[in-house]
Amino acid sequence: AYRSGLLPRTIDSPEKATMILMKGMELGLSPMQAFAGLNVINGKVESSAELMIALCLRSGVCKYFTLIDSSAKSATWRTHRVGAPDPVDKTFSYEQAEALGLASKENYKKQPQTMLEWRAASALAKKVYPDLVLGMYCQGELDIDDAPRVQRPAPVTVELDPPEVI
């Protein structure tokens, strides 16, 4: 399927496609949902913020997950977990993006409001629903240029003696 050109261009090997499908199965996603919401960067599966929100909303423990304020300067989401006394808000600002070195990236230059929204949403999901999004990175957290490279061990060849016939 990856050679067909029908999958996102970043899914460029059978191994990446397999990792996405496996993670998708763990999360209860259909194959197409997995390909739409997950990606592999430097050997780690990352999630779209939309997928994180969807996982929270469909879990049964999320009363709501709502964008309450958004501009090119900051974005704020609110969620309320079942059993929690109060809702929780999370804001992500352009100043925070600058401090993290994100504001100079092309996506932040072209669509800062959208990028701030997704960063705030993923941070909120991790804060309130760690059991649902444990170990998930949001797109952009694993920057292709900045992430540490995975060192793969050299292949090992093992020669076995032919089995002894009795």
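The structure displayed is predicted, hence computed values, not measured ones.
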What is the minimum heavy-atom distance between Ala120 and Lys90, and which atoms define it? O-CG, 3.6 Å
Taking the side chain as every heavy atom from C-beta outward, state whether Leu27 and Lys23 have any atom pair closer than 4.5 Å. yes
Of the non-hydrogen atoms in Pro112 and Lys109, which two are nearest, and what is the gap between them? CD-O, 3.9 Å
Could you report the tightest heavy-atom contact between Gln113 and Ser70, atom names first, then the distance? NE2-OG, 2.9 Å
Do any N or O atoms from the side chain of Arg81 and from the backbone of Val128 form a donor-acceptor pair under 3.5 angstrom? yes
Contact summary for Ala97 and Leu116, nearest pair of heavy atoms: CB-CD2, 4.2 Å
Under 3.5 Å, side chain of Thr66 to main-chain N/O of Ile68, donor-acceptor pair present? no
Ignoring hydrogens and geometry beyond distance, is a side-chain donor-acceptor pair present between Thr76 and Thr91 at under 3.5 Å? yes
Side chain to side chain contact (heavy atoms under 4.5 Å, CB included) between Tyr94 and Ser74, intermediate numbers included: CA-CA 6 Å; Tyr94 195 79; Ser74 70; over 6 Å; no
Donor-acceptor contact present, side-chain Thr79 to main-chain Tyr64, <3.5 Å: yes
Mind checking whether Thr114 and Asn107 have side chains closer than 4.5 Å, heavy atoms only? no
Nearest non-hydrogen partners of Glu117 and Trp77, listed with the distance: O-NE1, 2.8 Å
